Protein chains: 2
Amino acid sequence: MRHSTGQKDRESRLLRQLREKGYKLTSQRLAIIHLLAGDTSHPSASDVLKRARKRVPKISMSTVYYALDMLKREGLIRELEFYEKENRYDINISDHINLVCRKCGKIEDFMGEVPLSPTEVEGKTGFRPEGMRFEFYGYCRACKNRGKR
Amino acid sequence: MRHSTGQKDRESRLLRQLREKGYKLTSQRLAIIHLLAGDTSHPSASDVLKRARKRVPKISMSTVYYALDMLKREGLIRELEFYEKENRYDINISDHINLVCRKCGKIEDFMGEVPLSPTEVEGKTGFRPEGMRFEFYGYCRACKNRGKR
DNA sequence: ACGCATTTTCGGAATGATTCCTAATTAGAT
DNA sequence: ATCTAATTAGGAATCATTCCGAAAATGCGT
Ligand SMILES: [Mn+2]
Ligand SMILES: [Mn+2]
Ligand SMILES: [Zn+2]
Ligand SMILES: [Zn+2]
């Protein structure tokens, strides 16, 4: 295993990388990084705002977007874009499949290899992949057990 | 093979299905369906508007959205949603992988089985998939051969 | 500890694709 | 030809995100 995935370890790794790049570690950023490091729920920007305000009550939405943008430019988080809903932010930056519940909106990770490699795609098509987005839409275990709609 | 994929066949199949459901076939809709049936480029709503105006010069954007919405509700096209760009419309409604070029915006189909079945996902996780979205982002053959950015 | 340059914050305005609204038009049935 | 429900068109509204400018804060050098 390359990295521990504990919240504390992930948090200090993020902070170290930002410090190395010369970013200022404000209380707003510390709060955002702290909550993201321990969150596998793929939160939206407004989720992040709500939780960050528990530690830094006056933090603004602009600041949340500015911090999320920095983190994604540095490759430390991934943004999952949706048109009809808010975008979501994923602390898991590896190529993986997300399972998106159509009822409750929960997004969970599907563990396991993505069963098609970029190399294979390029060999067959000439298209050179640099990123991927694999999602299933449906009903999570909880939602499917209480009538799907 | 189940269906022919020729433009003419696809077009008459779409028209038949809409007639059966009682939809009115206006000149605006005929133009939109005609162009979609022969288009594998995954056009945006404004692409559709531009091309539809060649046959029906006064067609409005509202009408294009209304028609696209009808087609997707009937399961005859698929909408690919993007946050930072316009949504795109796919006449290929089967589960398949799309290759999205980051330089020119072209979207092409990757032919071949999607290498992971909904059944397998449900067996491993309890999540019940009903739809999927599999995309690779990168550079199409033309764009990768002229400096990627 | 102090001052400084630069970055960051924050509130509000702007953006833009899509959706909503309403009145006028039209397809298709009788 | 008439009628009615569906469709069209243009404009307003929506809303998450981005942009803007001024005020505040960080962290470095001294
Ligand atoms: Mn994930
Ligand atoms: Mn496609
Ligand atoms: Zn659910
Ligand atoms: Zn290209």
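Every chain is numbered from 1, with letters handed out A, B, ... down the list of sequences. Nothing here was measured: the structure is a model prediction, and the numbers come from that model.
Along DNA chain C, the nucleotide nearest to A:M70 and the one nearest to B:R19 differ in position, and the one closer to the 5' end is contacted by A:M70.
Among D:dT18, D:dT7, C:dA17, the nucleotide with an atom closest to any side-chain atom of B:Y23 is D:dT7. Taking the side chain of A:Y83 as heavy atoms from C-beta on, and the options C:dC10, C:dT18, D:dA16, the nearest nucleotide is C:dT18.
Atom CD1 in A:I32 sits roughly 12 Å away from atom P in C:dT8 (whole-Å rounding). One interatomic measurement links the two molecules: CG of A:L80 to P of D:dA16, which rounds to 17 Å at whole-angstrom precision. Rounded to whole Å, atom C1' of D:dG27 lies 15 Å from atom CG of A:L18. A:K21 places its NZ atom 18 Å from the P atom of D:dG27, with the value rounded to the nearest Å. To the nearest angstrom, P of D:dT8 lies 12 Å from CG of B:D69. When rounded to the nearest whole Å, the span between CG of A:L25 and P of D:dT26 equals 10 Å. What separates OH of A:Y65 from P of C:dG11 is a distance of 15 Å, to the nearest Å. Taking atom CZ on A:F82 and atom C1' on C:dT18, their separation rounds to 18 Å, with Å as the unit.
Distances shown here put a side-chain N or O of A:Q28 below 4.0 Å from the OP1 or OP2 atom of C:dC10. Residue B:T26 places at least one side-chain N or O closer than 4.0 Å to OP1 or OP2 of D:dT8. A close approach under 4.0 Å does occur between a side-chain nitrogen or oxygen of A:N87 and OP1 or OP2 of D:dT17. Residue B:Y66 has a polar side-chain atom (N or O) positioned under 4.0 Å from OP1 or OP2 of D:dT7. Neither OP1 nor OP2 of D:dA6 sits under 4.0 Å from any side-chain N or O of B:R29. For B:S60, no side-chain nitrogen or oxygen approaches OP1 or OP2 of D:dT8 to under 4.0 Å. Considering only side-chain N and O atoms, B:S62 lies nowhere under 4.0 angstrom from the phosphate OP1 or OP2 of D:dA9.
The cationic atom of B:K85 (NZ for Lys, CZ for Arg) lies less than 6.0 Å from the six-membered ring centre of B:F82 and within 45° of the ring axis. Remark: A:R133 fails to qualify as a cation-pi partner of B:Y83 under the 6.0 Å distance and 45° angle criteria applied to the six-membered ring.
For C:dT6, the base has a donor-acceptor partner in the side chain of A:K24 [N/O atoms by modelled type, under 3.5 angstrom].
Side-chain contact check for B:I33 versus B:E11: some heavy-atom pair is nearer than 4.5 Å.
Heavy atoms of other residues, nucleotides or ligands lying less than 6.0 angstrom from CD of A:E113 number 12 at most.
Aromatic ring centres of A:F134 and B:F136 lie closer together than 6.0 Å.
Residue contacts for B:K85: at a heavy-atom cut-off of 4.0 Å it reaches no nucleic acid atom on any strand shown.
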